[in-house]
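Okay, structure first, notes after.
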2 protein chains.
Amino acid sequence: MHIPNTFDANCPTRLILDRIADKWTVLALALLMGGPVRFNELRRRIDGVSQKMLSQTLKSLERDGLVSRKATPTVPVTVEYSITPLGATLAATIDGLRVWAECNINDVLAAQKRYDAV
Amino acid sequence: MHIPNTFDANCPTRLILDRIADKWTVLALALLMGGPVRFNELRRRIDGVSQKMLSQTLKSLERDGLVSRKATPTVPVTVEYSITPLGATLAATIDGLRVWAECNINDVLAAQKRYDAV
DNA sequence: CTGGATCCGGTCAGATACTG
DNA sequence: CAGTATCTGACCGGATCCAG
């Protein structure tokens with residue numbers, strides 16, 4: 001398995017990337033790795049996400065089979081989102097990105113500073 | 001090292017994600033893993049990218065210290081983009097995503113089909 | 001060949017209000 | 001609590017033209 005030398009508009013990589021390459025998706029998946037979380041709880045934990053965006057993000061994740069939604073008809077209703085086995089494998093991959101970010105953020109910021117100084 | 005339970009608007013993860021969470025960035029990085037590539041060559045290999053978007057993407061990547069740009073003053077000028085050591089570590093991480101995509105695209109598509117059928 | 005500058009239509013995302 | 005509906009301004013990205 002090695003890197004292709006072209007990326008066709010609808011190769012698997014592009015199809016997946018077009019779907020998950022937004023920050024909310026990645027953040028939601030990462031948080032759900034810790035166990036089931038309810039809607040508003042998720043909203044609180046992801047700083048700056050609007051309820052509209054979170055709603056859309058979760059719906060897409062559910063459609064892709066990466067997250068499952070369970071509503072219990074209490075009053076008021078409570079909804080729990082949890083990661084699916086498939087989603088968990090993706091989240092594990094994505095977590096590598098988070099780790100990279102935490103390890104290398106300083107190098108990136110330094111590079112930006114150097115670049116902007118010119 | 002474990003997953004945080006909140007994502008602050010300017011935590012490292014968010015800062016990095018806000019920068020690289022677009023398809024062009026990821027695809028360009030992946031392609032540059034194979035060695036230096038020139039502008040138009042890159043353009044051809046990434047199906048559908050406009051020169052404007054590619055230009056912007058490469059400039060951002062250069063600013064972040066992930067890619068280096070080398071112009072040789074031939075006539076006409078030729079410009080070669082190559083990945084930096086820092087960029088290579090990110091690309092390796094990102095490649096995990098590409099691999100995941102290729103392995104699981106069918107499961108995702110099947111899930112979508114199931115979801116849409118309802 | 002490798003871009004920058006500009007214009008412009010479409011989409012996205014925030015704000016707000018409302019529902020079960 | 002967990003969303004949906006609508007409206008609107010901002011931004012993105014494509015097309016085109018131009019320059020070094």
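Only this structure's heavy atoms are used, side chains among them; waters, hydrogens and symmetry mates stay out.
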Original post:
Which one, C:dG14, D:dC1, D:dA15, comes nearest to the side chain of B:Lys52?
Top reply: D:dA15

Original post:
Are the charged groups of A:Arg14 and A:Asp8 less than 4.0 angstrom apart, N to O?
Top reply: no

Subject >> N/O (side chain, B:Arg69) to phosphate O (OP1/OP2, C:dG3) under 4.0 Å >> reply: yes

Subject >> B:Arg63: side chain to side chain contact (heavy atoms under 4.5 Å, CB included) partners, not counting sequence neighbours >> reply: A:Gln112, A:Tyr115, A:Asp116

Original post:
Within this structure, what is the CG-to-C1' distance between B:Leu58 and C:dG3, rounded to whole angstrom?
Top reply: 11 Å

Original post:
Whole-Å distance between D:dA2 P and A:Glu80 CD?
Top reply: 10 Å

Original post:
Pick the nucleotide of DNA chain D nearest each of A:Arg44 and B:Ser50; which residue has the one closer to the 5' end?
Top reply: A:Arg44

Subject >> Check: B:Arg43 side chain, B:Val49 main-chain N or O, donor-acceptor pair, under 3.5 Å >> reply: yes

Subject >> Nucleotide nearest B:Asn40 when distance is taken to its side chain, options D:dT16, D:dG3, C:dC1 >> reply: C:dC1

**OP:** Output the single nucleotide from D:dT16, D:dG14, C:dT2 whose closest atom is nearest the side chain of B:Gln51.
**Re:** D:dT16

Original post:
Separation of A:Met53 atom CE from C:dC12 atom C1', in whole Å?
Top reply: 7 Å

Original post:
Can you find a side chain N or O atom of A:Ser55 that sits less than 4.0 Å from OP1 or OP2 on D:dT4?
Top reply: yes

Original post:
Think A:Lys59 has a side-chain N or O under 4.0 angstrom from the OP1 or OP2 of D:dT4?
Top reply: yes

Subject >> salt_bridge(B:Lys59, B:Glu62) N-O dist < 4.0 Å >> reply: no

**OP:** Using atom CG of B:Asp47 as one end and atom P of D:dG14 as the other, report the distance to the nearest whole Å.
**Re:** 12 Å

**OP:** Compare side-chain N and O positions of A:Thr78 against OP1 and OP2 of D:dA2 and report whether any pair is under 4.0 Å apart.
**Re:** no

Original post:
In whole angstrom, what separates A:Gln56's CD from D:dA2's P?
Top reply: 18 Å

**OP:** Please check if the side chain of A:Thr72 supplies one atom and the backbone of A:Thr74 the other of a donor-acceptor pair under 3.5 Å.
**Re:** no

Original post:
C:dT2 phosphate, OP1 or OP2: any side-chain N/O from B:Arg38 under 4.0 angstrom?
Top reply: yes

**OP:** For B:Lys23 and D:dC12, give me the distance from atom NZ to atom P, rounded to whole Å.
**Re:** 14 Å

Original post:
Just checking A:Val79: base, sugar-phosphate only, or nothing, at a heavy-atom cut-off of under 4.0 Å?
Top reply: sugar-phosphate

Original post:
Is the distance from OP1 or OP2 of C:dC1 to the nearest side-chain N or O of B:Tyr81 less than 4.0 Å?
Top reply: no

Original post:
Between B:Leu54 (CG) and D:dG13 (P), how many Å, whole number?
Top reply: 13 Å

**OP:** Let me know the distance between CD of A:Glu41 and C1' of D:dG3, rounded to the nearest Å.
**Re:** 17 Å

